[in-house]
There are 2 protein chains.
Amino acid sequence: MEDSVKAAEEITQQCLQHSDVNWLLNRAAHGLREAMDAEANAHGTSIRGQIVLSALAQNLGRPYSQLALGHALGVDKTTMTALLDKLERSGLVVRTPDPHDRRARIPVLTEAGRELQAKLYVQLKAVEEHSLAPLSPDEREVLRSLLRRIIPMQHIEGSCM
Amino acid sequence: MEDSVKAAEEITQQCLQHSDVNWLLNRAAHGLREAMDAEANAHGTSIRGQIVLSALAQNLGRPYSQLALGHALGVDKTTMTALLDKLERSGLVVRTPDPHDRRARIPVLTEAGRELQAKLYVQLKAVEEHSLAPLSPDEREVLRSLLRRIIPMQHIEGSCM
DNA sequence: TATTGTTATACTCTATAACTATA
DNA sequence: TATAGTTATAGAGTATAACAATA
């Protein structure tokens, strides 16, 4: 066991040296995601749930349909249904009818949903800062800026969550 | 449809402004991954297959067991078994017995595996460069450097592929 | 006819547990 | 007893297709 762990670290080192950006991104994303998901789980939801809650929290003034949310977050409408089912069962979201289109349903935060989102936002920000501790504040901003510039803004192929 | 697409872009814009690094990383990783996987698929394998092939290609002198590879790449030994099964079926890898431990098996590249890995390496590098086109060469190196520094080097929780 | 949302279904990825063969 | 690897299996996450209600 000791042996295979040492070997694993060697391979990891080589991967890091090899500057494969896909690998670096996946590894970095994975590390942050695990840390944040653990925190979200401790509060009875998940990182994916919080992403949906946050999208809803930002759009109190202009409510979006499930379809629009799905597009924005990079998931299929059937996946969106499943995500909202969970949130609704937890009492964090309710689906209200769209007055302008009776086919559509507008998911909105409940009071509990708004509270949990706000609380988790703070906690997850702290987790993020902790994960980014090796970087100075300036470097963190550089990282954000560089990432924004390489994110494809067009349509999304496949799921993003 | 037009409407929900427009709404989706608005939400995406808001997410980008919101500087959630987890979201930025996932989105960037997803874009690059899709592009690279499409290229790998065109050559009869996948990005995950190529990651395994590349790990093997870098260790011709010092062969690693399946377990060590799994640790390094962040997957369970059962997942490693499945990945290698596919590669072996495609004739890209063979599992050879470890002379020092008759329980263990050492996966090694076949000639076809070595060739495909080398060819795909070049092609995927081109895809990566294309995806990073918005960044200058200097900026790309900054990005790599920042990512390396926030990747947790300790043990990996859950799958990384 | 086209679209929103749901359900049923299937496929992939993942890990746990049970097993074997070694150590 | 413990470890390397396989198999069986179960749980997520995802997407396609068929459907109901509405546009």
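Just so it is clear: chains get the letters A, B, ... in the order the sequence lines come, proteins before strands, and each one is counted from 1. All values derive from a computational prediction rather than experimental measurement. What you see below is based on every heavy atom in this structure, not just the backbone, and it leaves out hydrogens, waters and symmetry mates.
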In residues 76-97 of chain B, what residues come within less than 4.0 Å of DNA chain D, judged by heavy atoms? B:Lys77, B:Thr78, B:Thr81, B:Arg95
What integer distance in Å separates A:His71:NE2 from C:dG5:C1'? 13 Å
Between NZ on residue B:Lys119 and NE2 on residue B:His43, distance to nearest 0.5 Å: 6.0 Å
Can you name the side-chain hydrogen bond (donor to acceptor under 3.5 Å, both in side chains) partners of B:Asp101, sequence neighbours left out? B:Arg103
Applying side-chain hydrogen bond (donor to acceptor under 3.5 Å, both in side chains), name anything that partners B:Glu141, two or more places apart in sequence or on another chain. B:Arg144
B:Met161 CE to D:dA12 P, straight-line distance once rounded to whole Å: 23 Å
Please list, pair by pair, any protein nitrogen or oxygen found under 3.5 Å from a nitrogen or oxygen in nucleotides 20-23 of chain D.
unit_1	atom_1	unit_2	atom_2	d
D:dA23	OP1	A:Arg102	N	2.7

Partners passing side-chain hydrogen bond (donor to acceptor under 3.5 Å, both in side chains) against B:Arg140 (at least two apart in sequence or in another chain): B:Glu129
For A:Asn41, enumerate each residue passing the side-chain hydrogen bond (donor to acceptor under 3.5 Å, both in side chains) test, keeping only those at least two apart in sequence or located in another chain. none
Nearest to the side chain of B:Ser159, which nucleotide is it out of C:dG5, D:dG5, C:dA15? C:dA15
Start at the 5' end of DNA chain C and walk down; is the nucleotide closest to A:Arg105 or to B:Val75 reached first? A:Arg105
Does anything in residues 33-47 of chain B form a salt bridge (charged side-chain N to carboxylate O under 4.0 Å, His left out)? List the pairs, not counting sequence neighbours. none
Atom CD1 of A:Ile47 and atom P of D:dA12 are separated, to the nearest Å, by 18 Å
Which residues pass the side-chain contact (heavy atoms from CB on, under 4.5 Å) test with A:Ala38, not counting sequence neighbours? none
Sequence neighbours excluded, which residues qualify as side-chain contact (heavy atoms from CB on, under 4.5 Å) partners of A:Thr96? A:Val94, A:Ile106, A:Val108
